[in-house]
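Written below as structure tokens is the structure these notes are about.
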There are 2 protein chains.
Amino acid sequence: MGQRKSGHVTLHDVARACGYSVSTVSIVLSEAPLSQNVAASTRTQIREVAQRLGYHPDAYARSLRRRRSLTVGVLAYDLSDPFCIPIVQGIQSGLQPASYVPLLMDAQTQRKHFDSYLKLILERRAEGVIVIASWVFEETNLLADIEKNHVPIVILGRDLTRRKISSLLIDNETGGALALRHLIELGHRNIAVIRGPEEMFDSEPRWTGIRRQAAQSGIKFDPRLTFQLPGVLDPTSGFEGGRALARTMLDAGPPFTAVLAFDDLTALGVMRGMSEAGLRIPQDCSIVGFDDVLPAAVATPGITTVHQPLQQMGLLAAQWTLEAIEAHEGTATVHRHRAVPELVVRGSTGPPAKAPAQRKART
Amino acid sequence: MGQRKSGHVTLHDVARACGYSVSTVSIVLSEAPLSQNVAASTRTQIREVAQRLGYHPDAYARSLRRRRSLTVGVLAYDLSDPFCIPIVQGIQSGLQPASYVPLLMDAQTQRKHFDSYLKLILERRAEGVIVIASWVFEETNLLADIEKNHVPIVILGRDLTRRKISSLLIDNETGGALALRHLIELGHRNIAVIRGPEEMFDSEPRWTGIRRQAAQSGIKFDPRLTFQLPGVLDPTSGFEGGRALARTMLDAGPPFTAVLAFDDLTALGVMRGMSEAGLRIPQDCSIVGFDDVLPAAVATPGITTVHQPLQQMGLLAAQWTLEAIEAHEGTATVHRHRAVPELVVRGSTGPPAKAPAQRKART
DNA sequence: TCAAGTGGTTCAAACGTTTTAATCGCGGCA
DNA sequence: TGCCGCGATTAAAACGTTTGAACCACTTGA
């Protein structure tokens, strides 16, 4: 057809094809206020031609001129962690009504990706940035660049309010306490604990909450039954870690009737490990997880866990971002919110066995 | 500082700050061939100032001028389906080396999103489009628009080669046959089957493969043990469907020793349902899934399933796209590939029980 | 008759880059 | 002396839009 060098149909093409000027066509197709002055016949004609040629406005040219990208960068540390998905969906639905679009980037737990995607988001002139950071996220100096360019940031999973960055957190302490309390209320006293890896921000506060609750209930943890996951590479390593630790704790001595796992994948790993050792869940040993991700919900028995309102958190993050964009240069308030966790009781927990957990069969 | 109306630092700002012209600065910062002619001292000075001001080139202006966006649109039908994630990761790693960036959109199984995101991808001048379509994907006329604008498309999960669109498929027939054969080899004869919902493209060929294998092995399915999942809303509905059907099949008569489920989530649902009825997996009933998604791998027992090389498929899709972009207007070959499925045997299958499955306890 | 609308349409400048062609001072060469 | 080449830098046009201001041919009110 009448295509030019570039493969795309432009305003020019449409203008030429219907005999009007570029301006008129633009006014009509972008439904500018002025389009009321354009004769109705002209309007329909232009629209018709545009449709026929398959015209779509060039977002680059448009954003350049309008100086708005209607884009919010979303940087997730790893999409293959089921934890991220509901958050992203929440963000998406929060952005929707303002007709903003997420520019979604998956860092795949690699620092270099993290940096380059942050740069990319900046170059694409996202009007705001939302970072989902459960780890990897060390204070890049790119953050400084983002601030220099006056792009508002919201961070999920980490408190950076002291750096004037709105932060959205899970109340890990309360969550940890909640999980432990549940076990205690069921009657468990000898409880094995698996702490998260050092690199994760969630590990420490969760452990703090657990100890707080333990102290409050007059419970002591046997150090021989307190473990720590090694550094994480990918989300499934939590599973393998839990599985391995299950054997360790069965082999290495002291009796216990329940396991408090760092997160759901770890809990699932423990469940597998226990099962391989011939134990039944929850009759021989109760297991609690954390996060309430999909695999925990659809396992059998379902994993009792601490639910986090991930979707709402995503939504809120989106709203904060939009608000900050709106405020523009103005007084962008720095928010902080701790989402309240909720215990979800499923089949993996029950009253303690009379005889404490011990290996029943060999694999 | 010396900021203008727009919050962003521009080439102009840098030029003014260091006393050189915009051209020189551009040449240096974009490392154009000409930059060899620029005095070394000038170069370092410019770089230094740019760094200090936090300059990042405007992707909009740049792409507009260069007429390249270095972007490939990726439209997933639903990111919350764990099925999508490995594909997306594959795509990402396939795009990486060519320094293309995925523009990732999640249609969330909503038709309207699908359309508007496809439009958006077009407007953002993605140089190629990859569609992950297990359903919802009816022939939008937007597809025609994409073609009019000469943007190459690759589609995953559907054969559209007759419309000259490169298509990447799972060999559902072989996969279905594989799953059934496994059960037969274990000695199962009375097998319940759960077919996929009509709306999904995978349902029919998978069922065809199953019947082919059945005929070949001289097996007949009892129509009272052949079910179909109702239309799907979200990925978890497969779970609920399976759970409900487990009860149905136990209640409604004929004996069976194994269940062939449409996909992993359904299989997990069946497992839950069976367990609630007091049956043990695999002793009392074997279960096979399809897809090999994360929840199936980390459940206990692990779900025996048909693995699909999702990541490689994503990679391949990315490579095809890049190739088509490269060819540009030229002879873009239309590819078709059927990925070969592979059986993954886990704990959910075993030899048939002496006594066929039947309800043991009430919930 | 003239000024002031009015409805319909267009000019032209801008947005922030990239890139081709030009500019400029200067030493060397014939 | 005039010309060339050279190294360093810059002017200006283009990419596809949007938009305030202008334009034009009318009509209308005074």
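Order of the sequence lines sets the chain letters (A, B, ...), proteins ahead of strands, with each chain counted from 1.
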Please check the phosphate of C:dT17 (OP1 and OP2 only) for any side-chain N or O of B:Ser30 closer than 4.0 Å. no
Which nucleotide, C:dT9, C:dT17, D:dT9, lies nearest any side-chain atom of A:Ala39? C:dT9
Is any side-chain N or O of A:Thr24 closer than 4.0 Å to OP1 or OP2 of C:dT10? yes
Using OP1 and OP2 only, check whether a side-chain N or O of B:Ser23 sits under 4.0 Å from D:dA11. no
Any side-chain N or O of A:Arg66 below 4.0 angstrom from OP1/OP2 of D:dT18? yes
A:Ile132/A:Val88 under side chain to side chain contact (heavy atoms under 4.5 Å, CB included): CA gap, chis, key distance, verdict: CA-CA 9 Å; A:Ile132 307 175; A:Val88 171; 4.1 Å; yes
Which nucleotide wins on minimum distance to the side chain of B:Asn37, given the candidates C:dT18, D:dT9, D:dT10? D:dT9
Just the rounded figure in Å: distance from P of D:dT19 to CD of A:Glu31. 13 Å
Once the angle between the rings of B:Trp320 and B:His337 is folded into 0 to 90°, is it parallel (under 30°), tilted (30 to 60°) or perpendicular (over 60°)? perpendicular
Starting at atom CG of B:Asp58, determine the distance to atom C1' of C:dA14, rounded to an integer number of angstrom. 14 Å
Starting at NE2 of A:His12 and ending at P of D:dA14, how long is that distance when rounded to a whole Å? 11 Å
DNA chain D: B:Gln36 or B:Leu64, which has the more 5' nearest nucleotide? B:Gln36
Can a donor-acceptor pair be found between the side chains of A:Arg124 and B:Thr71 at a distance below 3.5 Å? yes
Could you say whether B:Leu34 or B:Ala61 is positioned toward the 5' end of DNA chain D, judged by the nucleotide with the nearest heavy atom to each? B:Leu34
Output yes when a side-chain donor or acceptor of B:Ser26 lies under 3.5 Å from a complementary backbone atom of B:Val22, and no otherwise. no
Tell me what B:Tyr20 touches on the nucleic acid: a base, only sugar-phosphate, or nothing, going by heavy atoms under 4.0 Å. sugar-phosphate
Residues A:Arg68 and A:Tyr100: side-chain donor-acceptor under 3.5 angstrom: yes
Please classify the nucleic acid contact of B:Thr42 as base, sugar-phosphate, or nothing, using heavy-atom distances under 4.0 Å. sugar-phosphate
Between C1' on C:dA12 and CG on A:Leu11, what's the gap in Å once rounded to a whole number? 15 Å
Establish, with yes or no, whether the OP1 or OP2 oxygen of C:dT17 is under 4.0 angstrom from a side-chain nitrogen or oxygen of B:Tyr55. yes
Look at B:Arg62 and C:dT18 and indicate whether a side-chain polar atom (N or O) is within less than 4.0 Å of OP1 or OP2. yes
What about B:Arg65, does its side chain sit under 3.5 Å from the base of C:dT18 through a donor-acceptor pair? yes
